[in-house]
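Everything below concerns the one structure shown next.
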There are 2 protein chains.
Amino acid sequence: MSRGEETRRHIVRCAAEVFNRVGYAAATVSDLEEATGLRTGGIYRHFGGKEELALAAFDHAVGCLEARFVEEATASPHAVDRLRAMVDVYRGLATEPAVPGGCPVMNAAIETDAAGSAALRDRARRAMDRWRQRIRALVEEGQARGEVRGDVEAAAFANLFLSTMEGATMLTGLYGDRKPLMDAADHIDAHLESRVRA
Amino acid sequence: MSRGEETRRHIVRCAAEVFNRVGYAAATVSDLEEATGLRTGGIYRHFGGKEELALAAFDHAVGCLEARFVEEATASPHAVDRLRAMVDVYRGLATEPAVPGGCPVMNAAIETDAAGSAALRDRARRAMDRWRQRIRALVEEGQARGEVRGDVEAAAFANLFLSTMEGATMLTGLYGDRKPLMDAADHIDAHLESRVRA
């Protein structure tokens, strides 16, 4: 890797944490200088501007988070076990976040809901869509293999799963208390066993 | 009401919408001037600074939202019916929000999760605590009257209810699509009938 590429990656990693904690609009030049140990001129030699850096940082944060899900979801081939493994990943994020500052997709969704970067909003939608698609596919594959009840509406379940776990991530962050996330995880686990598993 | 008090209320109402849509840190002086039709000097004659205005605007936004819940929750005295009425209020917010820009408490929770105003964060925690307490009290009163199953853990149910509905509010906002909020509402309704109602 070239020295320039190494510096670029260092900036993206540091900026991902700053933006996820502070917010894209609220993060200042000095927040980014402090986190990277570089002057603004040195940072923006590698990026066209703050939005380009924000998008690279968002992609990095989402990549770190998605890596945690890939790791866990290979445990068992059974669809319901895989969905439970996803719940367990959320449980683990309460104590060991992929990137400090909460869920990068929810953060970007909230920050761009009426203003801010349209490109960032588009990235947030596409990330959330990948997650919805992943859950929907697990349900539908499970139905095809007889592991999941036929009356489960896959798209509605994906919305429910993500609403519950993302909302709980917000509550757990607000209080600095794992309980809301654990309560949500327990509920989705129980729902998976009583209403989803065939 | 004095002219000064009238102007102050006008500023708070307009600022509540700006802050809820754009964010507290991201909202600029010209956003506030445009929304209020006043110059910055005229705005800050009534407030000690941006934080004081932000707190008043937050309180106003939460007040508008809570008024919607009070309105609905008086429908029936039965605890489970009241909880279902709260779900219906969330359904209504999808098409007719109390304040444009999503849930003010979630927005403030996300924005202040690692930076921003400590006073605003404290306000967000206290608002969410009022809602958790209201749900918990409904469950416990329902248990005392034999309307709610004894095995429902009131605090866990309050966390689940708010996680699910707030997370769904975020997804519905992200996509501009009512379905995530309707899916979450349907799920909580079904859970209330199958696992909460005695």
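Numbered from 1 within each chain, the chains take letters A, B, ... in sequence-line order.
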Classify the ring geometry between A:His187 and B:His191 as parallel (under 30°), tilted (30 to 60°) or perpendicular (over 60°). perpendicular
Could you label the plane-to-plane angle of the A:Tyr24 and A:Phe19 rings as parallel, tilted or perpendicular, counting under 30° as parallel and over 60° as perpendicular? parallel
Any chance the side chains of B:Arg130 and B:Gln133 put a donor and an acceptor closer than 3.5 Å? no
Are B:Met86 and B:Leu138 side-chain neighbours, meaning at least one heavy-atom pair lies under 4.5 Å? yes
For chain B, which candidate among A:Ala26, A:Gly176, A:Ala109, A:Pro180 shows the most heavy-atom pairs at distances under 4.5 Å? A:Pro180
Part of A:Leu171 within contact of chain B (heavy atom distance under 4.5 Å): side chain
Most contact-rich option vs chain B, by heavy-atom pairs under 4.5 angstrom, among A:Thr112, A:Ile188, A:Asp129, is A:Asp129
What residue, out of B:Arg121, B:Arg125, B:Glu111, has the most heavy-atom pairs lying under 4.5 Å from chain A? B:Arg125
Non-hydrogen atoms of chain B under 4.5 Å away: do they reach the side chain of A:Asp186, the backbone, both or neither? neither
Output the option from B:Ala27, B:Gly102, B:Gly167 having the highest count of non-hydrogen pairs under 4.5 Å with chain A. B:Gly167
Name the member of B:Thr169, B:Asp113, B:Val105 that forms the most heavy-atom pairs with chain A at distances under 4.5 Å. B:Asp113
Note: vs chain B, highest number of non-hydrogen pairs under 4.5 angstrom among A:Thr164, A:Leu160, A:Leu174 is A:Leu174
Indicate, with yes or no, if the rings of A:His46 and A:His10 have centres closer together than 6.0 Å. no
Heavy-atom pairs under 4.5 Å with chain B are the metric here; pick the option from A:Met182, A:Arg132, A:Met165, A:Met106 that has the most. A:Arg132
Return the orientation label for the A:Phe69 and A:Tyr90 ring planes: parallel under 30°, perpendicular over 60°, tilted otherwise. perpendicular
Regarding B:Asp88 and B:Arg84, does a basic nitrogen lie under 4.0 Å from an acidic carboxylate oxygen? no
Just give me the residue among A:Gly101, A:Ala158, A:Ala184 that pairs up with chain B most often, heavy atom to heavy atom, under 4.5 Å. A:Gly101
